[in-house]
Structures are given as structure tokens and as C-alpha cells.
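Heads up: the structure comes next, in C-alpha cells.
Each residue takes its place number in the sequence, starting with 1. Whatever order the structure lists ligands and atoms in, that order sets their numbers, starting from 1.
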Amino acid sequence: MLLPLLYLFAVARLADAYFSILVDNNTQVDTSDCPITYYGQEYTTVYTNFTGEHLFVCFNGYYTPEGNGDCIRMPNSDNKTNFVLNNNNDPSYWTYLTDFVHSSVSTVTNNMTCYLHFYFTSSMALFSMGSQSVVYYYGTPPMFVSVLVNGDVVENVFGVQYVEVLSDTSGCRISGLGVKPGTSRQNLETCSSMTCSNTSIASMKSCGPSGQCDGNGTCSVKGLCTVTGPTIIDFNGQINSVSDRCEYTLLLDQNTGLTLKANFLERRRRDVSFVDSLTLDFSDSDDIQLLQGHRVMVAGSPVTLNSSVQTFSGVDLSKDQTGVTVGFSVSGSSVSLFFDGTTAQIYIETSAGDSLDGLCVDSSNVSSSRLSSDSSCQDEYVDPADDTIDCAAVTQQCNILKSAPFSSCNLHVDPEPYLIACRSTLCKYPSVDNLRCQFLEAYVKACEKKQVNIQNWWTAAQCHHPEPVCEDKCSDHEFCGDIHGINDCRCRAIYASQYTEQNRLGGPTVCQDNTASLSLVGCLLKENAIDYTHLHLNDKTCTGVMDPDSHMVSFSFSSDGCGAVVTTNNSQVIFTNAIVTRNSSSDVITRQDEVFIEFSCSQPKPELQNVAFKIIDNSVEIVLQSGEWTYSLTMKAYSDAAHAQLLDPKSDVRLNQKIWIVLETNGLDGNLVSVVTDSCWATSDESSTSTPRYNLIKDGCANPDDGTVQVMGNGEGTSNSFSFNMFEFSGSGPSEVYLHCQLQLCVKKDNNCVPGCSPVARRRRSLRYRRGAPALISMVWTH
Ligand SMILES: *[C@@H]1O[C@H](CO)[C@@H](O)[C@H](O)[C@H]1NC(C)=O
Ligand SMILES: *[C@@H]1O[C@H](CO)[C@@H](O)[C@H](O)[C@H]1NC(C)=O
Ligand SMILES: *[C@@H]1O[C@H](CO)[C@@H](O)[C@H](O)[C@H]1NC(C)=O
Ligand SMILES: *[C@@H]1O[C@H](CO)[C@@H](O)[C@H](O)[C@H]1NC(C)=O
Ligand SMILES: *[C@@H]1O[C@H](CO)[C@@H](O)[C@H](O)[C@H]1NC(C)=O
Ligand SMILES: *[C@@H]1O[C@H](CO)[C@@H](O)[C@H](O)[C@H]1NC(C)=O
Ligand SMILES: *[C@@H]1O[C@H](CO)[C@@H](O)[C@H](O)[C@H]1NC(C)=O
Ligand SMILES: *[C@@H]1O[C@H](CO)[C@@H](O)[C@H](O)[C@H]1NC(C)=O
Ligand SMILES: *[C@@H]1O[C@H](CO)[C@@H](O)[C@H](O)[C@H]1NC(C)=O
Ligand SMILES: *[C@@H]1O[C@H](CO)[C@@H](O)[C@H](O)[C@H]1NC(C)=O
């Protein structure tokens with residue numbers, strides 16, 4: 001019987017592109033004129049098999065019960081069938097059928113281009129719709145058609161007698177399984193969920209790369225996660241590493257918000273990081289921090305632990321020589337965490353559900369677990385490669401994990417991730433500070449979780465057991481490492497580089513409140529084999545003081561104490577001291593380098609040193625008439641005794657600076673007359689008669705009250721000069737200094753023009769030289 005739908009069209013309009021045959025058992029038909037996209041696969045052949053009960057129309061070969069057939073299975077009523085392929089290329093022909101399919105199957109959106117039709121008593125058609133396809137069935141009971149993909153029934157299409165049923169056969173093929181559009185399939189064994197969208201786009205979700213499927217549809221997290229040095233080996237044995245100094249989430253329970261965080265920091269090299277501290281962040285109770293040196297803080301306060309378990313807000317804490325053990329629970333599973341300062345191991349014995357996240361669950365994307373909000377922890381440093389490292393030798397050392405006694409565990413715990421961790425770190429970072437043994441110990445601990453105890457491994461591997469730790473608590477810029485064979489606090493590379501790059505051991509000098517101090521970095525001193533107790537200042541009783549937390553050693557002295565050497569220059573008083581090595585020539589031998597670090601602080605001299613004067617006009621000239629003589633008088637200021645450096649308005653004159661003033665005439669006959677500087681004085685006002693007045697020269701002689709004044713050549717010729725030290729008028733604020741000089745001409749007779757000046761007796765001599773009006777000349781200095 002023809003299906004009613006096709007009957008209307010196919011019979012009424014038999015086009016050229018219409019191919020019809022009778023098909024019986026075991027027939028292969030070329031259908032390349034109407035390809036069918038069936039569950040993502042395009043087919044151009046059909047194969048038929050009639051079994052007693054069914055007709056199989058297959059695409060990828062004849063049907064066999066055990067085969068991987070892509071087939072349509074339908075009731076067999078006739079042992080034969082008519083077959084029609086219609087690929088009429090008149091688009092208008094297909095409009096009705098396309099609309100019919102679209103209205104029946106919502107997931108199909110393409111237009112129909114051709115069909116394959118099998119009919120006798122019942123009708124089955126495959127509609128080809130470009131990248132989509134639809135199966136159509138119309139007939140008599142038993143009314144069901146099965147859609148098989150890869151031999152597996154994806155769908156049974158049921159119908160009512162003589163009612164058309166249609167189903168989308170575009171679908172997706174995921175891991176060999178067919179998935180009908182708009183549906184999902186679950187695989188309990190692999191915990192995967194395969195989804196095919198309405199538009200036949202496939203997607204698959206499983207437990208993820210970290211996923212451990214319990215074989216019953218549930219993803220779970222369990223096992224051991226190891227963080228050793230920079231390396232993370234997650235619960236699945238997948239390995240990755242951290243290269244910066246940021247904080248990361250190792251484990252996060254999305255249900256409760258509980259987070260286990262790890263902070264990474266550099267040690268000897270700036271470009272290799274090590275797990276440094278862990279924080280257990282309970283969103284609803286106190287944080288627990290596991291720090292270097294087996295130290296533990298609960299809610300910010302240190303706690304003292306021993307081998308017996310103590311419980312803090314439901315968390316079990318204990319400690320032995322090897323490290324700290326923490327027990328807590330996540331999603332009903334108990335978690336055991338161990339941290340020894342270099343390696344953290346997180347062990348979940350029973351499945352902890354699939355609400356967990358973090359690097360331990362999936363280490364493949366490190367940056368997605370980075371927590372630090374301050375991105376400076378991501379700054380990159382490049383240190384020169386360490387050419388003392390022999391990578392081949394290191395690899396051999398790490399490979400001990402594959403030989404006795406470790407090999408006894410190889411079947412239980414794959415040594416490969418531990419080998420990679422060991423090798424990748426030690427090919428870049430020197431094998432010091434017991435690092436090699438830490439990697440071996442991490443493997444040993446992993447074996448213990450599998451009940452494999454490796455006896456005496458430390459002897460075979462030449463390791464210390466337990467690892468030695470630093471006696472002192474190292475500060476934040478330090479880590480516990482080997483210094484000349486002793487475990488002590490070393491400087492972290494980035495911290496140290498700010499000093500070592502400048503070849504310094506500390507500093508800078510701090511000058512404050514009359515005290516000079518210089519702090520040296522304790523760990524740098526130790527690394528340079530300098531015992532700070534052997535250092536002192538010039539005065540050997542002045543020694544350094546070490547801060548117990550920061551390990552900074554500070555030396556200080558105030559003004560001239562502790563043997564400071566005091567020097568001055570024009571403007572400063574300088575206090576200099578030095579940190580030196582104790583004179584140990586009484587010792588027979590010495591094991592440390594001599595230290596000599598000079599440091600100083602300076603203070604301005606107590607006077608007002610910084611007041612500077614400027615001369616307004618460096619040369620004042622006036623023209624004078626005295627009796628029969630017309631002459632010019634100039635007054636010039638110099639900064640040197642040779643009168644070579646004329647002071648100009650640009651040069652500063654500091655207080656107390658010596659100044660030379662030259663008074664010079666032009667136009668006088670030196671054989672007949674000489675010039676006598678009778679008096680010179682200063683005022684703060686332009687007027688020469690104003691007060692205050694300060695005398696420099698009086699009655700031709702230097703003011704004996706001012707020891708800085710010197711008069712030269714007065715009365716001896718037509719020029720003379722004097723010098724004085726710059727001063728200023730005391731009182732409120734800076735003022736100007738006006739310098740006035742009064743001169744006389746003296747007619748030379750018996751050398752009577754030179755004023756007689758006695759430093760002791762200030763006797764006034766008769767001034768026989770006075771003739772005519774005195775000349776007055778002035779000069780001004782300003783700030
Ligand atoms: C289907 O036909 C092929 C080809 O003749 C044959 O080999 C195969 O056994 C048949 N399958 C069944 C189940 O009869
Ligand atoms: C079709 O052929 C197979 C063997 O190839 C045979 O087993 C089967 O019975 C045949 N079917 C019919 C209806 O003859
Ligand atoms: C189909 O073939 C089988 C076996 O060859 C036979 O037993 C059966 O009667 C046939 N059915 C019809 C309707 O011819
Ligand atoms: C599908 O058919 C409709 C109506 O016949 C036509 O407008 C449309 O362009 C066709 N779409 C495609 C992709 O051929
Ligand atoms: C997929 O198709 C179904 C009906 O077939 C519809 O209910 C659903 O909303 C569709 N989904 C999308 C994402 O279009
Ligand atoms: C699988 O899960 C079901 C229901 O959750 C449970 O009854 C069954 O015991 C589980 N089987 C295994 C092997 O875990
Ligand atoms: C451990 O410390 C607790 C509390 O400080 C103390 O009560 C207990 O005796 C200690 N146990 C051992 C073995 O030292
Ligand atoms: C890793 O995670 C980050 C942040 O979540 C994301 O931006 C990045 O694309 C991820 N990288 C890969 C390779 O998945
Ligand atoms: C005086 O010493 C101080 C401190 O050392 C220095 O800064 C200044 O330049 C020196 N001044 C002169 C004039 O040498
Ligand atoms: C060190 O002390 C010895 C005597 O104990 C003395 O001879 C020597 O000069 C001293 N050296 C210094 C640098 O003070």
C-alpha cells in the first residue's frame with residue numbers, strides 16, 4: 001500500500017528522476033542520487049535483509065545480529081518491497097512535503113530534496129533534508145520501527161494503525177553511540193553524559209580529566225594529591241607546575257566553601273617557586289595556617305603541637321619530627337593533609353563526591369586556580385642558568401625511584417610523576433637544601449598510603465631522616481636552607497637581589513634625631529660567613545643588635561659617639577663611623593672576611609649657613625670735583641685677595657664669606673695726592689645716615705671690634721682696598737646691606753697721608769690731610 005502522502009505526489013507527477021525496483025532478500029541498492037545523512041554519517045547505498053520477523057534497511061553493509069549496523073528495523077509483512085528513489089529537481093515539488101515534515105518534527109529545519117521509499121503492505125520512507133534526515137512509517141501492526149546506530153537501538157518509533165509516524169534521524173554520534181537530537185544519553189560506566197542539541201551539535205560531559213568515575217554514574221574524587229616544590233601531582237596523577245609566587249586553590253568544596261590554599265615563594269633562584277605555606281580556609285570558622293618550620297597558626301595565633309592529636313574547631317592537628325598532619329572532612333569524606341615545608345600531600349581515602357575543585361582535582365589549568373588579587377606575584381624574573389647543574393646526572397639520581405628499595409612500590413604507585421617532578425626541578429635548581437631527598441620522600445609517603453612501607457630508604461638514597469630543620473624561625477624574606485653545612489635561614493632571592501645587585505650587605509644609612517644607623521641583612525651576613533657578633537663600630541664597645549624577627553643587625557651612634565670621626569666642610573658637619581671586624585689578631589686563625597663599611601650622617605653648621613647675598617651692581621663709579629682736580633672714583637667687590645674674581649650679580653655671597661672691596665681713582669696725579677678711606681660703614685637702609693649702622697672702617701682704620709676687617713694701602717696711593725667677612729643685620733627677616741665709604745684726597749707731604757692705626761690704642765691722630773669736601777660712595781647687597 002502506498003503511503004497517502006506520497007501517493008498524491010509521486011503517482012501524479014512521475015518525473016524523470018524517479019527510479020523504482022522491486023527489492024527482496026539480500027539486495028544492495030545504489031542510492032547515490034539521494035544521499036541520506038543518518039546520525040552524522042552520509043550514506044549512498046542501502047542493503048536489505050528480510051528475516052522472518054523484520055525487514056532491515058541498512059546503510060553500512062548487510063544486517064547481521066552481532067554487527068555494527070546503522071539500520072532501520074521494521075515489521076516484515078511481505079518478504080519483499082517496492083523501492084522508489086525520488087529526487088525530482090523541481091523545488092516547488094518539495095514545498096508541501098517539507099512543510100509537512102517541519103510541522104511534524106520540530107527539530108528539522110532544512111528543506112527536503114529527495115526521498116527513498118520502501119512500500120508494500122506498509123510504507124517506510126527516508127526523507128533526505130540536506131544535513132538532516134527523517135524516517136517515516138505508515139502501516140499495519142506490529143506498529144514499530146527501530147532506529148539502530150552501530151548495532152545499538154537508539155529509538156523505537158511506535159505508531160497507531162494507519163497513522164503516520166515520523167522521527168528525526170539526523171542525530172549525533174558520540175563515542176560511537178547515536179544520540180537523538182534534543183536528547184542526552186548517560187554512560188554510567190564512564191560517568192559521561194552525551195548530549196545532542198536540537199540542531200544535532202554533539203557535546204559530552206564526563207568527570208573531566210580529573211574525573212574518577214565510580215562505575216555507577218557518579219564522578220568522585222579520591223586518592224593522593226602531592227605538591228612538592230613547584231610541582232602539583234593531582235588526584236589522577238596528572239602533573240603540572242607553578243612558576244610564580246602567587247596563592248592557589250588546591251582544593252575547594254563548592255558545597256561548603258572550604259578551601260585549601262597554597263602559597264608559593266622563591267628560594268635561591270628568583271625563577272623557581274616552592275610551595276611555602278598552606279591555609280585551610282573554613283568559611284564559617286577559624287583559618288588554619290601551616291607555615292615553614294613546622295609552625296601552625298590557628299586564627300592567627302601560633303599553637304604548640306606534639307604527636308598527640310589536638311582538635312581545633314573539628315580539625316585534628318598533630319606534629320612529629322617530619323612535619324605537621326591535619327585531619328578534616330570534606331563532603332563526608334575524611335581528608336588527611338601533611339606538610340613538611342617543601343611537600344604537601346592531601347589524601348582522600350573514600351570518594352568525596354563531585355563538588356570538589358582546585359589544582360588537586362585538575363591540575364591542567366594552573367591559572368584558573370590562581371587566587372592572588374595582586375598581580376605583582378606574577379612578575380617574571382630570569383636568572384642565568386646554573387652551569388654547575390648536570391641534568392643527566394640529576395636524572396640518574398631521580399631514577400633511583402625505579403630501583404630498590406623504591407621499586408617495591410612501583411606497581412602500587414606510578415613513580416613517573418615523582419620522577420618528572422624531581423628531574424624538572426633539579427635540572428633548573430641546584431640540588432641543595434635536601435631537595436633531592438624531598439622528592440624521594442614524597443614518593444615514599446605516597447606508597448605508605450597504599451600500605452607499602454619502604455624500609456630504610458634514606459640509607460640507600462643517602463638522605464637524612466628526618467630532614468634537619470632550622471632552629472631559628474626564619475623571617476618572611478628568608479627560608480631554611482644549607483649555609484656552609486648548617487641548616488639556617490637563607491635570604492630569598494628576590495629580597496637579596498636588591499642588596500647583592502649593588503654589592504651591599506644592608507642599608508641605606510638612616511639619619512634621624514641626631515642618630516645615624518645602618519642595618520645589615522642577617523641572612524646576607526651568614527651567607528657571607530660573617531658573624532655579626534664579631535662586628536663593631538670604631539669604638540669596639542658599640543656592637544650590632546639583631547632583631548629576633550627580621551634578623552636585621554643594626555648599628556647606630558649618635559653625633560660623635562662610638563668613635564665617630566667629625567669633619568666639617570663649608571656648610572656641613574659630617575659624622576663618620578665604620579662597621580669593622582673585631583681585631584682578632586690574638587686569635588691564631590680567622591674564618592671570616594674583614595668587614596669595613598663606612599657610613600656617615602651630616603648636619604648643617606649651626607649658623608644660618610644658607611643665607612646668600614647678591615651684589616646688585618658690582619662696580620660703582622662716581623665723578624668728583626675737588627679743588628683743581630676732576631677725577632672718577634670706582635668701588636668694586638671681589639671674592640679673592642688677588643682681585644681677580646669680580647663679584648657679579650649672579651654670584652652668591654654666603655654669610656661669613658670674605659669679600660675684598662677696591663676703591664680706585666682715575667685722573668689724579670699720584671705724585672701729588674693720595675686717596676684716604678676715612679670711614680666705611682653699613683646700613684640696612686639706602687640712606688647713609690640711617691640706623692642701625694655698623695662700622696667697618698673708622699678714622700682710616702679697621703674697626704677693632706670686628707676682627708675680620710683688614711685695610712690695605714690706605715693713603716699710600718690713588719687706590720686702596722679693604723676686606724671683611726659678609727654679615728647681615730640681625731633682627732626680623734633678611735634685610736639688605738648698604739655699604740658706604742667716605743674718602744678724602746690728601747696732598748702728599750712727608751708721607752703724612754697714611755693713617756696711623758694701632759690695634760691696641762685707638763688714638764685719634766690729627767687729620768692734617770683733610771681738604772675740600774669728602775667723597776661718598778655706596779654699594780648694595782641684597783638677598
Ligand atoms: C543479510 O544478507 C547478507 C547478504 O546476503 C547475508 O550475508 C547475511 O547473512 C544476511 N543477514 C541475515 C541476518 O540473514
Ligand atoms: C534471506 O536470506 C537469509 C540468508 O541470506 C535467510 O536466512 C533468510 O531466511 C532469507 N529470508 C527470506 C524471507 O527468505
Ligand atoms: C516469508 O518467507 C518465509 C521463509 O522463507 C516464509 O516462511 C513465509 O511464509 C513468507 N511469508 C510470506 C508472507 O510470504
Ligand atoms: C526552503 O524552501 C523555501 C520555500 O520553498 C524557500 O523559500 C527556502 O529558500 C528554502 N531553503 C533552502 C535552504 O533551500
Ligand atoms: C529543542 O526542541 C524541543 C522540542 O522538540 C524544545 O522543547 C526545546 O526548547 C528545543 N531546545 C532548544 C535549545 O531549542
Ligand atoms: C549503583 O547505584 C545504585 C543506585 O544508586 C545502587 O543501588 C547500586 O548498588 C550501585 N552499584 C554499584 C556497583 O555501586
Ligand atoms: C602534647 O601537648 C598536650 C597539650 O599541650 C599535652 O597535654 C600532652 O601531654 C602532650 N603530649 C606529649 C606526648 O607530649
Ligand atoms: C585556564 O583558565 C583561565 C582562567 O579561568 C582561562 O582564561 C584560560 O582560557 C584557561 N586555559 C585553558 C587552556 O583552558
Ligand atoms: C659638605 O659635605 C656635605 C655632606 O657630605 C656635602 O653634601 C656637601 O656637598 C659638602 N659641601 C662642600 C662645599 O664640599
Ligand atoms: C690588633 O691588635 C693588635 C694587638 O692585639 C695590634 O698590634 C694591631 O695593631 C691591632 N690592629 C688593628 C687594626 O687595630
Can you sort out which atoms of ligand 7 are near Asn306, meaning under 4.0 Å from one of its heavy atoms?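 By the 4.0 Å cutoff, the relevant atoms are 1 (C), 2 (O), 3 (C), 8 (C), 10 (C), 11 (N), 12 (C), 14 (O).
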Can you name the atoms of ligand 7, numbered from 1 with element, that are less than 4.0 Å from a heavy atom of Ser308?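 In order of number, 1 (C), 10 (C), 11 (N).
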Salt bridge check: are Arg173 and Asp70 linked by an N-O gap of less than 4.0 Å?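 Counted as a salt bridge, because a side-chain N and a carboxylate O are separated by less than 4.0 Å.
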Which protein residues come within less than 4.0 angstrom of ligand 3, counting heavy atoms only? Ser77, Asn79
Please set out all donor-acceptor pairs under 3.5 angstrom arising from side-chain atoms of residues 311-319, sequence neighbours excluded.
| residue | atom | partner | partner atom | Å |
| --- | --- | --- | --- | --- |
| Thr311 | OG1 | Asp316 | OD1 | 2.9 |
| Lys319 | NZ | His294 | O | 3.2 |

Hey, mind stepping through Asp152 and Arg185 against salt bridge (charged side-chain N to carboxylate O under 4.0 Å, His left out) and telling me if it holds? CA-CA 13 Å; Asp152 168 52; Arg185 286 181 73 161; 3.0 Å; yes
Before signing off on this row, confirm whether Ser307 and ligand 7 have an N or O atom pair separated by under 3.5 Å.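 There is no such contact.
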Report yes if the side chains of Ser167 and Glu155 come closer than 4.5 Å at any heavy-atom pair, otherwise no. yes
Should the ring pair Phe118 and Phe83 be called parallel, tilted or perpendicular, given that the plane angle runs from 0 to 90° and is split at 30 and 60?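 Geometry flag for Phe83 against Phe118: tilted rings.
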How close do Ser333 and Ile348 get, counting heavy atoms only, and between which atoms?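 Residues Ser333 and Ile348, closest heavy atoms: CB-CG2, 4.0 Å.
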Numbered atoms of ligand 8 (with element) below 4.0 Å of Ser367, judged on heavy atoms: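 What qualifies from ligand 8 is 1 (C), 2 (O), 3 (C).
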Answer yes or no on whether Arg492 is positioned over the face of Phe479, meaning its NZ or CZ is under 6.0 Å from the six-membered ring centre and within 45° of the axis. no
Under the 6.0 Å and 45° cation-pi test, does Lys261 pair with Tyr248?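 Here Lys261 fails the 6.0 Å and 45° test against Tyr248.
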